[in-house]
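Residue numbers start at 1 and run along the sequence shown.
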Amino acid sequence: MVSPPLNFAPAPDDTPDVRKARGAFFTPDEITSFIAEWAITSTDDKVMEPSAGDAAFLVSAVDRLRKLSPDPDVVPEVDGIEIHDYSAHTGRERVRNAGGMAHLRVRDFFDVVPEPGYAAVIGNPPYVRYQGWTGEARTKSRAAALRAGVALTGLASSWAAFTVHSAQFLEEGGRLGLVLPAELLSVNYAAPVRRFLFEHFATVELVLFDEQVFPEAEADVVLLLASGYLQGPTDHAVIRQARNAADLANLGAGHPWAPLDPAGKWTGSLVAPEATAPLRYLLDSQAFTNLQTWGETTLGIVTGGNHYFALSPARVAELGLPRKELLRLSPPGSSHLRGLALSSQMLTSLGNQGKATYLFYPGEKPSQAAQAYIEAGERTGVNEAYKCRVRKQWHRVPLVKPADLLLTCMNADTPRLTTNQARAYHLNSVHGVYLADEHRDLGQELLPVASLNSLTLLNAEMVGRAYGGGILKIEPREADVWAMPSPSLVAMRAGALRAVRDQVARKLRAGQLLDAVATVDEALLVGAGRISLGQLENVRDARAELARRRLVRSQSGR
């Protein structure tokens, strides 16, 4: 039975912006029905929806319970909690019209002491990013999670604590069916939630979508289907794939996936085992390692106003600034870092094209020209920007020393490592890699080319995270665990890598990334007998699929 369509008008003051602020993104019927049918297996099941909103999940729960009942006149009773009074009123009416009765309490979910005894807890927790999840709401949510043994950081968004607190309402063996941000798979703050799920449930299933389900939320989602509460742990999850909400009716059986560490990122769940097996083998044999083995990755310089501090040669000449008050700079952005090296000649060429290749850095006693520029900055309010305002001398930017390698952090294709031959300073639009002393010479010469192999490209998709527009972002902590050829393997294959370096550089200049990668694969891996061509095809296909998912989700969001 399908509940009749309902068209309750929202409260006059409950605007889309207000609903977004409290994380209220109402769920498509296909998803509520799918989760209700999975979670509710008996007419005796007691069902609860936390943060019920307009009770979409409870309506689907009533439909499910009536389908399971032999009595056509049965009136299923369901429970829920909702902080917004008008939404709760609407929810009660919707459940009544669907043939059920809703016991909806108007409370803050985190003020409700868990009452274990529910066979199914289903819903779509509010999604409020940490910037908006503040004050008493954050304090109460973190305390609730801590009572369940889960310590969340101050960076956690609202859904993390909701997930943990929701589980506390389940009876032993109960089922938890939630719509969660895809952040569950990748962000560092979700690590304790990931561990909690594996430790407390007998089975964990994830349903992933190609397309965005909630474009207005600006976030991808997954469906969490966890059953057998307090009957864990489990050592694997079952991964199922749907194109969109309507495609749930055609969902396949999925495949099992076992993480090395449940708290680690679950983005590997998107990759077939035959694609990750070669990387695991190479890591186990120490032919591959992570970037942190080579050196430390850090953020770049934060100026507080790149438009003021980053200057083109033409602007420098216009201002009459002396060379001693300028530092050579990798221009803002990273489009110029798609080759193997940033040389002094390249910087000069970029400067001639009008790029900002100098950083304004006056001495303790600025020249007359520099003083005039400082005063101009004060007249236009540059000194009032937060990062400038908190400095002792607003016009002297705290420096980060020139890095050995520059790492692009926002990428349409894949992160790139570039040797900083020019010893230029870099802004926070890129990261700096500071190689360990014992690896510096080899790393500066050959790591940028060696990193352009299919396994490293695949792992970048796994450790990085997708941002708006299908961009792959990688932060320093993520770069630390990014899989790289080990120093020993690069040293062993140094001759072969040197032989193809110029060829790889030409292909990169021509925009032929995958052709360049194929050349490196042959020199680094196939030629050394480390991996077969068949294994490489699996790796390449998996990387292409992850990149395709990034693009599809960005297009569906628009």
Undergrad: Any salt bridge linking Asp437 with Arg440? Criterion: basic side-chain nitrogen under 4.0 Å from a carboxylate oxygen.
TA: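 Between Arg440 and Asp437 there is a salt bridge, with a charged N closer than 4.0 Å to a carboxylate O.
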
Undergrad: Does the side chain of Gln241 come under 3.5 Å of the side chain of Asp210 through a donor N or O and an acceptor N or O?
TA: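 Yes - a donor-acceptor pair under 3.5 Å links their side chains.
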
Undergrad: Side chains of Glu445 and Thr419: closer than 4.5 Å at any heavy-atom pair?
TA: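 A side-chain contact under 4.5 Å is absent here.
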
Undergrad: Which atom names give the shortest non-hydrogen contact between Ser330 and Leu337, and what distance separates them?
TA: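 In this case the closest contact between Ser330 and Leu337 is OG-CD1, 4.1 Å.
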
Undergrad: Please evaluate residues Glu325 and Ser367 with respect to the criterion side-chain hydrogen bond (donor to acceptor under 3.5 Å, both in side chains), reporting the C-alpha separation (whole Å), side-chain torsions for both, the decisive distance (0.1 Å), and the verdict.
TA: CA-CA 8 Å; Glu325 294 180 310; Ser367 67; 2.5 Å; yes

Undergrad: Could you label the plane-to-plane angle of the Phe360 and Tyr373 rings as parallel, tilted or perpendicular, counting under 30° as parallel and over 60° as perpendicular?
TA: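 Because their plane-to-plane angle is over 60°, the rings of Phe360 and Tyr373 count as perpendicular.
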
Undergrad: Does any non-hydrogen side-chain atom of Pro259 lie less than 4.5 Å from one of Phe198?
TA: yes

Undergrad: Checking Ala450 now: which residues fulfil side-chain contact (heavy atoms from CB on, under 4.5 Å) with it, not counting sequence neighbours?
TA: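 Expected list: Pro485, Val490, Leu497.
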
Undergrad: Please list, chain by chain and in numerical order, all residues satisfying side-chain contact (heavy atoms from CB on, under 4.5 Å) with Asp413, sequence neighbours excluded.
TA: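 Counting only residues at least two positions away or on another chain, Asp413 forms a side-chain contact (heavy atoms from CB on, under 4.5 Å) with Arg338, Asn411, Arg416, Leu513, Arg543.
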
Undergrad: Are Asp261 and Arg195 ion-paired here, with the side-chain N under 4.0 Å from a carboxylate O?
TA: yes

Undergrad: Can any side-chain N or O of Ser157 pair as donor or acceptor with the backbone N or O of Trp159 at less than 3.5 Å?
TA: no

Undergrad: Any salt bridge between Arg396 and Glu364, counting N to O under 4.0 Å?
TA: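 Salt bridge flag = yes for Glu364 with Arg396.
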
Undergrad: Got a donor-acceptor contact below 3.5 angstrom from the Asp404 side chain to the Leu435 backbone?
TA: yes

Undergrad: Testing the 3.5 Å rule here: is there a donor-acceptor pair between the side chains of Arg328 and Tyr425?
TA: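 Their side chains do not contain a donor-acceptor pair, so the 3.5 Å distance test is not met.
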
Undergrad: Got a sec, which residues hit ring-ring contact (aromatic ring centres under 6.0 Å, His included) with Phe196, two or more places apart in sequence or on another chain?
TA: His200

Undergrad: For Gln353 and Ser349, which I'm curious about, is there any donor-acceptor pair between the side chains at under 3.5 Å?
TA: yes

Undergrad: Check whether any side-chain heavy atom of Leu299 lies under 4.5 Å from a side-chain heavy atom of Cys409, and answer yes or no.
TA: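 With C-beta onward as the side chain, the pair stays apart.
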
Undergrad: Could you tell me whether the side chain of Val400 reaches within less than 4.5 Å of the side chain of Tyr434, counting heavy atoms only?
TA: yes

Undergrad: Going by side-chain hydrogen bond (donor to acceptor under 3.5 Å, both in side chains), Lys507 matches just one of Asp502, Asp515, Thr519. Which one?
TA: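 Going through Asp502, Asp515, Thr519 one by one, the side-chain hydrogen bond (donor to acceptor under 3.5 Å, both in side chains) with Lys507 is satisfied by Thr519 alone.
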
Undergrad: Looking only at heavy atoms, what is the nearest atom pair of Lys355 and Pro331, with distance?
TA: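 That closest heavy-atom pairing would be CB-CG, 4.0 Å.
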
Undergrad: Should Trp266 and Val222 count as side-chain neighbours, where that means a heavy-atom distance under 4.5 Å?
TA: no

Undergrad: For the backbone of Gly381 and the side chain of Glu384, can you confirm whether one donor and one acceptor N or O come within less than 3.5 Å of each other?
TA: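 The answer is no, because no donor-acceptor pair under 3.5 Å joins these two groups.
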
Undergrad: Would you kindly check if the NZ (Lys) or CZ (Arg) of Arg243 is within the cone defined by 45 degrees around the ring axis of Phe209 and under 6.0 Å from the six-membered ring centre?
TA: no

Undergrad: So, Arg550 and Glu461, do they make that salt bridge, N to O below 4.0 Å?
TA: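 The answer is yes: the pair qualifies as a salt bridge.
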
Undergrad: Looking at Thr456 and Leu452, would you say the former's side chain and the latter's main chain have a donor-acceptor pair under 3.5 Å?
TA: no

Undergrad: Look only at the side chain of Asn420 and the backbone of Ala424, and say whether a donor-acceptor pair between them is shorter than 3.5 Å.
TA: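 Yes.
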
